[in-house]
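Quick notes on the structure that follows.
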Amino acid sequence: QVQLVESGGGLVQAGDSLRLSCVASGRTSSNSATGWFRQAPGAEREFVAAIRWSGGSTHYADSVKGRFTISRDGKKNTIHLQMNSLKPEDSAVYYCAAGNGIILSAIRSINAYIYWGQGTQVTVSS
């Protein structure tokens, strides 16, 4: 069982930056991955970024590539999402998610993740 707790959301203006954090507790395997997803009102939950614990490979949605950076602090079991040059369309509830045995071809799939945090709200005003 893995518990995930997100923090760092808030209200910012377009062009500003925010850093989200996700602290994971519980047992994770060496082939696990942690990702960030987001869901805007009336929209489906969508992939944002992911990182594999083994090897540290990172993966991004095209809409955030070059602006967002996902990283991990293995000692603290924490994943960060640094979000720069924020746009109003980035406004959403951001969820941290984790799963074991996620293969690369599935790392962007919401169905590959079985553990989810409660979410943190990010609002970007224009």
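Sequential numbering from 1 along the given sequence is applied to the chain's residues.
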Practice problem: Find the distance between OG1 (Thr123) and CG (Asp90) and round it off to the nearest 0.5 Å. | Solution: 11.0 Å

Self-check item: Hphob cluster co-occupancy, Val23 + Val2, side-chain heavy atoms under 4.5 angstrom
Solution: no

Quiz prompt | Interatomic distance, Trp36 atom CH2 to Glu46 atom CD [nearest 0.5 angstrom] | solution = 14.5 Å

Quiz prompt | Trace of the side-chain hydrogen bond (donor to acceptor under 3.5 Å, both in side chains) decision for His59 with Ser57 | solution = CA-CA 7 Å; His59 310 267; Ser57 64; 3.2 Å; yes

Exercise. Determine yes or no for a side-chain-to-main-chain donor-acceptor pair under 3.5 angstrom, with Arg52 supplying the side chain and Ile102 the backbone.
Key: yes

Practice problem: Write down the atom of Trp53, the atom of Ile79, and the distance for their closest heavy-atom approach. | Solution: CZ2-CD1, 3.7 Å

Quiz item: Looking only at heavy atoms, which two atoms of His80 and Ser21 are closest? And how far apart?
Solution: ND1-OG, 2.9 Å

Quiz item: Can Val64 and Phe47 be said to form a side-chain contact (heavy atoms from CB on, under 4.5 Å), step by step?
Solution: CA-CA 10 Å; Val64 306; Phe47 172 78; over 6 Å; no

Quiz item: So, the side chain of Asn77 versus the backbone of Ala24: is there a donor-acceptor pair under 3.5 Å, distance only?
Solution: yes

Quiz item: How far does CZ of Arg19 sit from CE of Met83, to the nearest 0.5 angstrom?
Solution: 11.5 Å

Self-check item: Spacing of CG belonging to Leu11 relative to CD belonging to Gln121, to within rounding of 0.5 Å
Solution: 9.5 Å

Quiz prompt | Test salt bridge (charged side-chain N to carboxylate O under 4.0 Å, His left out) applied to Arg45 - qualifying residues, sequence neighbours left out | solution = none

Self-check item: Any donor-acceptor N/O pair, Tyr115 side chain to Cys96 backbone, under 3.5 Å
Solution: no

Exercise. Could you go through the side-chain contact (heavy atoms from CB on, under 4.5 Å) check for Phe68 and Leu18 one step at a time?
Key: CA-CA 10 Å; Phe68 291 11; Leu18 272 178; over 6 Å; no

Quiz item: Counting only N and O atoms by type, is there a donor-acceptor contact under 3.5 Å from the side chain of Glu6 to the main-chain atoms of Gln118?
Solution: yes

Self-check item: Closest approach of Pro88 to Ser126 (non-hydrogen atoms, all atoms of both residues)
Solution: CG-CB, 3.8 Å

Quiz item: How far apart are the closest heavy atoms of Ala50 and Ile107, and which atoms are they?
Solution: CB-CG1, 3.8 Å

Practice problem: Kindly work out whether a path of hydrophobic side-chain contacts (I/L/V/M/F/W/Y, heavy atoms less than 4.5 Å apart) joins Phe37 to Val93. | Solution: yes

Practice problem: Check whether any side-chain N or O of Arg67 sits under 3.5 Å from a backbone N or O of Ser85 as a donor-acceptor pair, and report yes or no. | Solution: yes

Exercise. Can you sort out the partners of Lys65 under salt bridge (charged side-chain N to carboxylate O under 4.0 Å, His left out), two or more places apart, ordered by chain and number?
Key: Asp62

Self-check item: Heavy-atom closest contact (Arg38 atom, Ala92 atom, distance)
Solution: CB-CB, 3.8 Å

Practice problem: Say whether Val5 and Trp116 are linked into one hydrophobic cluster, either directly or through other cluster members, by side-chain heavy-atom distances under 4.5 angstrom. | Solution: no

Exercise. Give a yes or no on whether the backbone of Ile70 and the side-chain of Tyr60 come within a donor-acceptor separation of less than 3.5 Å.
Key: yes

Quiz item: Considering residues at least two apart in sequence or located in another chain, which fulfil the salt bridge (charged side-chain N to carboxylate O under 4.0 Å, His left out) criterion with Glu89?
Solution: none

Quiz prompt | Residue pair Val124 / Ser91: nearest heavy atoms and the distance that separates them | solution = N-OG, 2.8 Å

Quiz item: Could you give the distance from CG (Asn100) to OG (Ser32), rounded to the nearest 0.5 Å?
Solution: 5.5 Å

